[in-house]
2 protein chains.
Amino acid sequence: MMAQIRSSEHTTSAHDRVYRGLRTRIMHGEILPGHPLTLRGLGQEYEVSMTPAREAIRRLVAEGALTMSASGRVSTPELTNDRIEELAALRALIEVELASRALPRAHMALIERLQTINNSIAERVAQRDAVGYISANLDFHRALYLRAQAPAMLAMAETVWLQLGPTMRALYGRLRQAEPPQFHRLILAALKAGDEPGLRLAVRSDVTQGLRHLTA
Amino acid sequence: MMAQIRSSEHTTSAHDRVYRGLRTRIMHGEILPGHPLTLRGLGQEYEVSMTPAREAIRRLVAEGALTMSASGRVSTPELTNDRIEELAALRALIEVELASRALPRAHMALIERLQTINNSIAERVAQRDAVGYISANLDFHRALYLRAQAPAMLAMAETVWLQLGPTMRALYGRLRQAEPPQFHRLILAALKAGDEPGLRLAVRSDVTQGLRHLTA
DNA sequence: TCGGCAGAAATGTGATCACATTCGCCGTAT
DNA sequence: ATACGGCGAATGTGATCACATTTCTGCCGA
């Protein structure tokens with residue numbers, strides 16, 4: 001019966017705070033694959049009871065961000081190579097379409113903003129900041145896709161990002177070479193030129209990129 | 001503290017029964033758009049308490065099968081035309097890819113099974129059985145896509161079906177002409193011929209089909 | 001006749017509890 | 001030294017409750 005401490009600012013429900021917090025942590029790769037999560041642990045961490053923690057976890061399991069064992073234990077997923085390839089193919093499918101739809105609406109202000117984000121990415125890479133890199137990279141893609149005016153597609157793309165989150169982080173350690181995102185420049189060039197086939201190819205390449213390393 | 005009646009056969013958890021039951025009802029179009037659902041009502045219907053009912057509902061909301069108002073009330077979604085077009089485009093994207101991946105693995109037994117399902121569809125259409133039609137139609141597509149060996153993609157496709165469920169039912173009433181699925185025959189022909197471009201076109205046409213009527 | 005307002009019913013939310021199951025750890029026997 | 005068995009801690013599950021909020025109903029007044 002512990003009293004509700006924060007009398008004001010409960011505009012957002014408890015389970016939503018847990019959900020959003022966990023979701024961004026997973027998507028940005030802050031949690032490594034296979035990491036276990038417990039209801040009581042999460043409840044303590046977010047200062048809520050088990051009930052909202054359970055709702056948040058169930059939702060993330062439904063979205064594929066977490067896996068649940070037969071006994072109900074949940075952890076971040078350890079993806080097989082087949083699954084990773086499949087998710088990369090999904091990214092390619094959906095994001096190429098999103099980019100294509102965004103192209104006619106991409107004016108200069110957007111391109112400049114993308115360039116700014118891209119510089120930020122280069123910084124994170126130089127600093128070996130894996131989480132910052134993943135986060136900024138997703139910002140780049142999301143900023144572009146928002147112009148597509150296709151919320152359902154964007155939601156699907158984000159769900160795929162979510163499923164790949166922990167793996168992307170683990171992958172980051174393997175590709176040692178501090179390579180700035182080469183294909184982002186191609187994306188920007190295609191956007192400026194209004195070159196749709198070029199844009200499709202650039203996005204597909206960017207999305208498929210690092211994942212190829214893994215299957216080797 | 002009501003005693004657990006069914007002592008045996010609780011191999012499946014309570015929230016899962018509610019989830020699965022609701023999910024198929026929604027996907028098959030048994031619930032019309034805008035229909036409200038309550039936790040206590042569902043709990044009573046499935047003979048469980050509010051807790052598992054809430055988990056099932058949260059999961060379905062996360063998957064886009066239900067919409068939640070600001071006050072927390074849930075109901076089946078009433079989709080805008082834009083949203084419907086977007087979901088149809090997603091179906092086209094994902095299902096064309098799934099069909100393409102299934103093509104090399106589609107042997108005669110599968111094609112015969114698809115033909116059987118297709119006959120079943122024609123029956124449902126003749127009987128004006130909307131739910132049966134939708135259900136059998138999804139069976140047709142799922143049977144084909146299962147051969148693609150791409151579980152993540154199939155899950156995405158099913159999520160889209162789920163979001164379209166109530167709308168498909170409402171749509172069924174509008175297209176009066178009891179048309180059997182014309183494009184399914186094209187799909188079968190392309191499968192037999194191993195004609196990949198033809199298959200892609202046939203699937204895209206089938207998926208986009210009736211949705212065009214709405215936007216008019 | 002219509003609009004709004006007050007009270008009642010209904011609903012979602014979150015906390016807590018009891019219980020069954022599972023997991024981990026340690027001791028013992030071979 | 002290792003494998004097996006059992007005991008205790010930890011965990012998920014589902015029920016129930018109290019409470020705030022929303023929604024509905026019906027009545028009263030203009």
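Naming convention: chains lettered A, B, ... in sequence-line order (proteins, then strands); numbering from 1 in each chain.
The CG atom of A:L42 sits 16 Å away from the C1' atom of C:dG14 (whole-angstrom rounding). In this structure, B:R17 atom CZ and D:dT13 atom P are separated by 14 Å, rounded to whole Å. Whole-Å rounding puts the A:E45 CD to D:dT11 P distance at 13 Å. The distance between atom CG of A:L66 and atom P of D:dG12, rounded to the nearest whole Å, is 12 Å.
For the OP1/OP2 pair of C:dT13 and a distance below 4.0 Å, the side-chain nitrogens and oxygens of A:H15 include no atom meeting the criterion. A close approach under 4.0 Å does occur between a side-chain nitrogen or oxygen of B:S71 and OP1 or OP2 of D:dT23.
The backbone N or O of B:E112 lies less than 3.5 Å from a partner atom in the side chain of B:T116, making a donor-acceptor pair. No donor-acceptor pair closer than 3.5 Å links the side chain of A:E95 to the backbone N or O of A:V203. B:R101 places no side-chain N or O within donor-acceptor distance of the main-chain N or O of B:A148, the cut-off being under 3.5 Å. A:E63 contributes no side-chain N or O that, together with a main-chain N or O of A:T159, makes up a donor-acceptor pair within less than 3.5 Å. Judged by distance alone, the side chain of B:T76 and the main-chain N or O of B:L66 form no donor-acceptor pair under 3.5 Å.
Pairs of residues two or more places apart, or lying in two chains, that qualify as salt bridge (charged side-chain N to carboxylate O under 4.0 Å, His left out) and include a residue from residues 134-160 of chain B are B:R23-B:E158, B:D139-B:R142, B:R142-B:E158.
B:E30 pairs by the side-chain hydrogen bond (donor to acceptor under 3.5 Å, both in side chains) definition with nothing, not counting sequence neighbours. The side-chain hydrogen bond (donor to acceptor under 3.5 Å, both in side chains) check on B:E45 picks up B:R25, with sequence neighbours excluded.
Ring planes of B:H184 and B:H141: perpendicular class, angle over 60° (limits at 30 and 60°).
Taken to the nearest 0.5 Å, the OG1 atom of B:T208 stands 8.5 Å off from the CZ atom of B:R91.
Annotation: side chain of A:R83 is not in contact with side chain of A:P77 (no heavy-atom distance under 4.5 Å).
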message = Please encode protein proximity along nucleotides 4-11 of chain C as a string of B, S and -, counting only heavy-atom distances under 4.0 Å.
response = -------B
ask   = So what is the 5' to 3' dot-bracket string for DNA chain C, if pairs are Watson-Crick or G-U wobble with both distances under 3.5 Å, crossing pairs use [ ] and | means the partner sits on another strand?
value = ||||||||||||||||||||||||||||||
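For DNA chain C, the residues of residues 51-65 of chain B within the heavy-atom distance limit of 4.0 Å (strictly under) are B:R54, B:R58, sorted by number.
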